[in-house]
Amino acid sequence: MSEQRNGERNGGGPVFGAVDGQVEEAAAGAPTEPDAEGDVAGDVGDAEVDVDAATGAFVAHRNLLFTVAYEMLGSAADAEDVLQETWLRWVRTDLEQVRDARAYLIRITTRQALNRLRTMTRRKESYVGPWLPEPVLTAPDVAEDVELAESMSMALMLVLETLGPTERAVFVLHEAFDVGYDEIAEAVGKSPAAVRQIAYRARRHVDARRPRRTVTAGETRAVLESFQRALETGDLQRLLDVLAPDIVLVGDGGGVRHAAPRPIAGAEKVGRYILGGIGRFGAGVSAHHTVVNGSPALVLRLDGVIDGVLAVAVGGEDGRITGLYYVRNPAKLTRVEAETPFSRH
């Protein structure tokens, strides 16, 4: 698939149905690349493919694989593409040589995600304005899985953006999915000893930037409700009461919709910027509570049409909002009306 700038994609669809025609091509012995990467335990070549068995194993782990790819990439559309590529390699694998389908599928997914991550790095260099992860509507119970919710939160995924591709893969696999160092080593093409060192460096890097205090979904929801009431009243002081002094607001319009061209820092500046924006649109703006990336968030609509998704980070001793992340790029808003299933298992 060709690269597209500024997030101008509509996103991929479910991996099954879309790949049905490709399965026949793969089973017919079409050339593949994974032999050179070590992805395939045994290429079945022209032999008959047990598509039912391959499909069953893939479907059983699909939500996990999507979660791995999404946390590595920050893009649901690219994660779907990675799953397509994983399926095409998986369906050519001799399943009799695969001892652990879950581990093997994670390995393929990781390698394809690493390839895609390096491509995305080039894409982001030409992105207009700040880049934010693609927000994804999640089931409310995802917020109750503290580890999963944190690993896919906007705040943490932005921290992961500061890691190199291999560091990000190692951190995600070990910290979020509890994959062992030996398995990660096979996935990223490093020795187990090297992976341990990478994991140590990545953990130190992330820990230095992640929130110091764990906030529950209920606490975040309460702060978000106070934030919404402040918006509805247009009361600056009421808004400042829920904003941390060092809050940072990041907007992502992708060059398609207006957004702050750079992050805005400081409660007073952020508060005035928000109220100024709301004031321009008046009564046409409405906010609705939802759960995005495993955390309470707001979907803002303008005259009934989705304008953007506002995710928050809450932290500090007084439990105020430390980060606001507003995604307006239309290409990144295709996953906020229907829930996407995620899993760590």
Side-chain angles (χ1 to χ4, degrees), residues 12 14-16 19 22-23 26-27 32-35 37-44 49-73 76 78-117 136 138-139 141-142 145-152 160 165-166 168-192 195-196 198-199 202 294 340-345:
V15 71
F16 287 102
V19 300
Q22 295 170 313
V23 170
T32 58
E33 299 175 359
D35 288 333
E37 301 174 352
D39 280 340
V40 178
D43 193 327
V44 295
V49 175
D50 189 346
V51 176
D52 288 342
T55 300
F58 192 92
V59 170
H61 299 293
R62 187 195 188 283
N63 293 347
L64 167 66
L65 301 178
F66 180 85
T67 308
V68 170
Y70 175 74
E71 291 196 12
M72 284 185 60
L73 302 172
D78 285 281
E80 290 287 5
D81 288 345
V82 163
L83 260 63
Q84 299 276 12
E85 294 157 2
T86 298
W87 165 253
L88 290 177
R89 284 156 175 78
W90 174 246
V91 78
R92 287 190 56 80
T93 301
D94 183 354
L95 300 186
E96 292 184 358
Q97 297 186 42
V98 176
R99 289 173 295 183
D100 185 339
R102 177 184 183 275
Y104 196 79
L105 282 164
I106 288 176
R107 187 190 312 169
I108 301 175
T109 300
T110 299
R111 287 182 173 173
Q112 301 313 310
L114 277 171
N115 292 339
R116 183 61 60 107
L117 190 57
V136 180
T138 50
D141 60 356
V142 171
D145 185 335
V146 177
E147 291 184 359
L148 178 58
E150 185 195 16
S151 69
M152 63 187 299
L160 296 185
T166 301
R168 184 165 182 167
V170 170
F171 181 87
V172 166
L173 291 176
H174 187 65
E175 299 294 324
F177 302 97
D178 200 27
V179 178
Y181 291 124
D182 289 346
E183 290 182 31
I184 297 175
E186 292 186 21
V188 301
K190 303 283 186 181
S191 70
V195 166
R196 286 178 182 274
I198 293 171
T340 297
F342 287 83
S343 175
R344 289 192 298 120
H345 308 287

Worksheet item: Taking C-beta and beyond as the side chain, do Val82 and Thr86 meet within less than 4.5 Å on heavy atoms?
Response: yes
Practice prompt. Measure across Leu114 and Pro165 and return the closest heavy-atom pair with its distance rounded to 0.1 Å.
Written response: CD2-O, 3.4 Å
Discussion item. How close do Ala169 and Val188 get, counting heavy atoms only, and between which atoms?
Written reply: CB-CG1, 4.2 Å
Fill in: Arg111 side chain to Ala187 backbone, donor-acceptor under 3.5 Å
yes
Worksheet item: Which residue, Phe342, Phe58, Trp87, forms the ring-ring contact (aromatic ring centres under 6.0 Å, His included) with Phe66?
Response: Phe342
Fill in: Straight-line distance of Asp78 CG to Leu73 CG, nearest 0.5 Å
6.0 Å
Worksheet entry | Side chain proximity check, Ile106 to Phe177, heavy atoms < 4.5 angstrom | no
Worksheet item: With side chains defined as the heavy atoms from C-beta onward, is the minimum distance between Leu148 and Glu71 less than 4.5 Å?
Response: yes
Practice prompt. Would you check if Met152 and Thr67 make a side-chain contact, meaning some heavy-atom pair closer than 4.5 Å?
Written response: no
Discussion item. If I compare all heavy atoms of Leu95 with all of Ala54, which pair ends up nearest, and what's the gap?
Written reply: CD1-N, 3.8 Å
Discussion item. Are more than 12 heavy atoms, taken from residues, nucleotides or ligands other than Asp178, located less than 6.0 Å from that residue's CG atom?
Written reply: no
Discussion item. Using the rule given for salt bridge (charged side-chain N to carboxylate O under 4.0 Å, His left out), can you reason through Arg62 versus Glu80, listing the C-alpha separation, both sets of side-chain angles and the distance that settles it, and then say yes or no?
Written reply: CA-CA 10 Å; Arg62 187 195 188 283; Glu80 290 287 5; 2.8 Å; yes
Item to complete: Please name the pair of heavy atoms, one in Met72 and one in Leu117, separated by the smallest distance, quoted to 0.1 Å.
Response: O-CD1, 3.5 Å
Worksheet item: Atom CZ of Arg107 and atom CZ of Arg89: how far apart are they, to the nearest 0.5 Å?
Response: 14.0 Å
Worksheet item: Do the rings of Tyr104 and Trp90 sit parallel, tilted or perpendicular, given the 30° and 60° boundaries?
Response: tilted
Worksheet item: Looking at Gly294 and Val142, what are the two nearest heavy atoms and their distance?
Response: CA-CG1, 3.7 Å
Response to the item:
Between Ala176 and Ser151 the two heavy atoms that sit nearest each other are CB-CB, 3.9 Å
